[in-house]
There are 2 protein chains.
Amino acid sequence: MSLAIEQPVTNADRTFFQLRKDIVEGDIPAGAKLSETELSTKYAVSRAVIREAINRLMSCHLVERRANVGARVVSLTPEGLVELYQVRESLEGMAARLAAKNMSDSEISDLQGLLNRHFDKVKTGESYYQEAGDVDFHYRIILGSKNQHLIAVLVDGLYHLVRMYRVQLGMAGPRVTTAFDEHKHIVQAIANRDEELAEILMRRHILYSKNNIENKLTSHPNK
Amino acid sequence: MSLAIEQPVTNADRTFFQLRKDIVEGDIPAGAKLSETELSTKYAVSRAVIREAINRLMSCHLVERRANVGARVVSLTPEGLVELYQVRESLEGMAARLAAKNMSDSEISDLQGLLNRHFDKVKTGESYYQEAGDVDFHYRIILGSKNQHLIAVLVDGLYHLVRMYRVQLGMAGPRVTTAFDEHKHIVQAIANRDEELAEILMRRHILYSKNNIENKLTSHPNK
DNA sequence: AATAACTAAAGTGTCGACAATATAGCCATC
DNA sequence: GATGGCTATATTGTCGACACTTTAGTTATT
């Protein structure tokens, strides 16, 4: 694979990663209270470690804390999902623009290679594209922007929330082949160094994705 | 005034606000090491409180920490400033778009009132506009977006960095009257509920601002 | 019966001490 | 003289205990 994975070094790191995983994947349900004492026994570390982990989870907007009361996992709402995608549209649009300007030729080649491999899979029908491939595609463009703030806000912050929504509202959905075409056009624009078009296409891509999800949520309001 | 100010309740809150202030205003210089023991004596609190404050400062991207080594105040670089303004352009553009959609009529009236008061000051010459007025203007539009993620990232995160750059690179600069005109046009677009135009104008406004700063930095490379 | 004040329980906020890690300085070796 | 390893020191990471706040349950009063 390609993405340098974050390496835990301290106990608080490990606990933070574990907690984040448990929250994103729903093992700790949305809206649940995070009792420090309870978690410290569950993960076999001191409360100080748990508190540090919770502090970092707050930075990701995965939990909210009220002083002297405690921390809760955020609740997922349709409105929250819409707001999240609005921010993604804005930031990833800018990321695509900057990627068209700042990615090296070899990075762009790699990106095209990634897309071709995806195409083979989509063609042969094994289209469990979304979870791995889609995220990988977006990550590369975000990193390609070479903008540290952009990268930090998206990768360390919002993307875990995106994943939490995806996992818990169960969206592996279709949109596979159409999304693939959109990805292809975005890469084309980046390869042409057309900043303006790259941004527009990425914004549309995310907007479509948002509309797609909204439709599913409103047509199947249950679950 | 108008903006609800964040109220410290715990000791860690107070220490965090104080530290943030000291960093933003340069009392603790950029790049400086943050020794936990040293700070705990200086602010007369335990190391646990300092550690919590430092954790929160990391969320704001005001300090960076390496495991088992310690935390340092971020260093200010021209590249970092450009990256920061790129993110602002993206996010505040979206904020203006959403504000055109979501601000209430009375909020828009208030905003126009604010602008008129600024105009009086600019006209009579007392143009220490920037620091208070400019920030207030941008804050209202960000809050007017009604998008919690957008608000959190900008208000709790990036804006303190913006202020840090402004204070430490000493930019009270001119651009007062021209910036005022740009503000006026943005409000006009919002009042017309023209989302597209509001976003475009805000992006241009921030882009101009960035170019202005870049010119100053490159023509006076010292200090 | 409803409300208010009080009390007890649980949980968070804060602290000081100990353990683990990194840094700087010294010494030995080549 | 430069390089490599060792020791001592300082700093961060982690822990368990105590203090304070909140909350729920209970009692007393109207």
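Below, read A as the first sequence line, B as the second, and so on, with proteins coming before strands; counting in each chain starts at 1.
Here the range on DNA chain C touched by chain A, meaning any atom under 4.0 Å from one of its heavy atoms, is C:dG11 to C:dT14.
Taking B:E107 as the reference, B:K146 meet the salt bridge (charged side-chain N to carboxylate O under 4.0 Å, His left out) condition, with sequence neighbours excluded. Under the salt bridge (charged side-chain N to carboxylate O under 4.0 Å, His left out) criterion, B:R20 pairs with B:E6, not counting sequence neighbours.
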A:R56 vs A:D156, salt bridge (charged side-chain N to carboxylate O under 4.0 Å, His left out): CA-CA, chis, key distance, verdict: CA-CA 10 Å; A:R56 292 203 223 169; A:D156 299 337; over 6 Å; no
Verdict with supporting geometry, A:R117 and A:D136, salt bridge (charged side-chain N to carboxylate O under 4.0 Å, His left out): CA-CA 12 Å; A:R117 287 198 298 281; A:D136 198 10; over 6 Å; no
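Proximity of a side-chain donor or acceptor of A:S109 to a complementary backbone N or O of A:D105 within less than 3.5 Å is detected. Judged purely by atom type and a 3.5 angstrom limit, B:N102 uses its side chain to pair as donor or acceptor with the backbone of B:S145. With hydrogens and angles disregarded, no donor-acceptor distance shorter than 3.5 Å links the side chain of A:R203 to the backbone of A:G93.
Contact annotation: A:T10 side-chain N/O to D:dT14 OP1/OP2 distance is under 4.0 Å. Checking the phosphate oxygens (OP1, OP2) of D:dT12, a side-chain nitrogen or oxygen of B:K33 falls inside 4.0 Å.
Rounded to an integer number of Å, the gap from B:N55 CG to D:dT14 C1' is 14 Å. Rounded to whole Å, the distance from CZ on A:F16 to P on D:dT14 is 14 Å. The CD atom of A:E36 sits 14 Å away from the C1' atom of D:dC20 (whole-angstrom rounding).
Within residues 40-52 of chain A, the residues having any heavy atom under 4.0 Å from DNA chain D are, by residue number, A:V45, A:S46, A:R47, A:A48, A:V49. Within residues 64-74 of chain B, the residues approaching DNA chain D are B:R65, B:A67, B:N68, B:V69, B:G70, by heavy-atom distance under 4.0 Å.
For the salt bridge (charged side-chain N to carboxylate O under 4.0 Å, His left out) criterion with B:R47, the lone passing option out of B:E38, B:E52, B:E36 is B:E36.
Between the side chains of A:R14 and A:Y43, no donor-acceptor pair of N or O atoms lies under 3.5 Å. With hydrogens and angles left out, the side-chain atoms of B:R65 and B:N55 include a donor and acceptor closer than 3.5 Å. Checked by atom type, the side-chain pair A:D22/A:Q18 shows a donor-acceptor distance below 3.5 Å.
Classification of the A:H205-A:H138 ring pair by plane angle, with boundaries at 30° and 60°, yields parallel. Aromatic ring pairs are classed by plane angle as parallel below 30°, tilted from 30° to 60° and perpendicular above 60°; the pair B:F137 and B:H183 is parallel.
Rotation axes derived from the C1' atoms of the five outermost pairs at either end of the helix from C:dA1-D:dT30 to C:dC30-D:dG1 lie 10° apart, to the nearest 10°.
At a threshold of 4.0 angstrom between heavy atoms, the contacts of B:L34 are confined to the sugar-phosphate backbone, with no base atom among them.
Where B:A12 and A:V9 each meet DNA chain C at their nearest nucleotide, the meeting point lying more 5' is that of B:A12.
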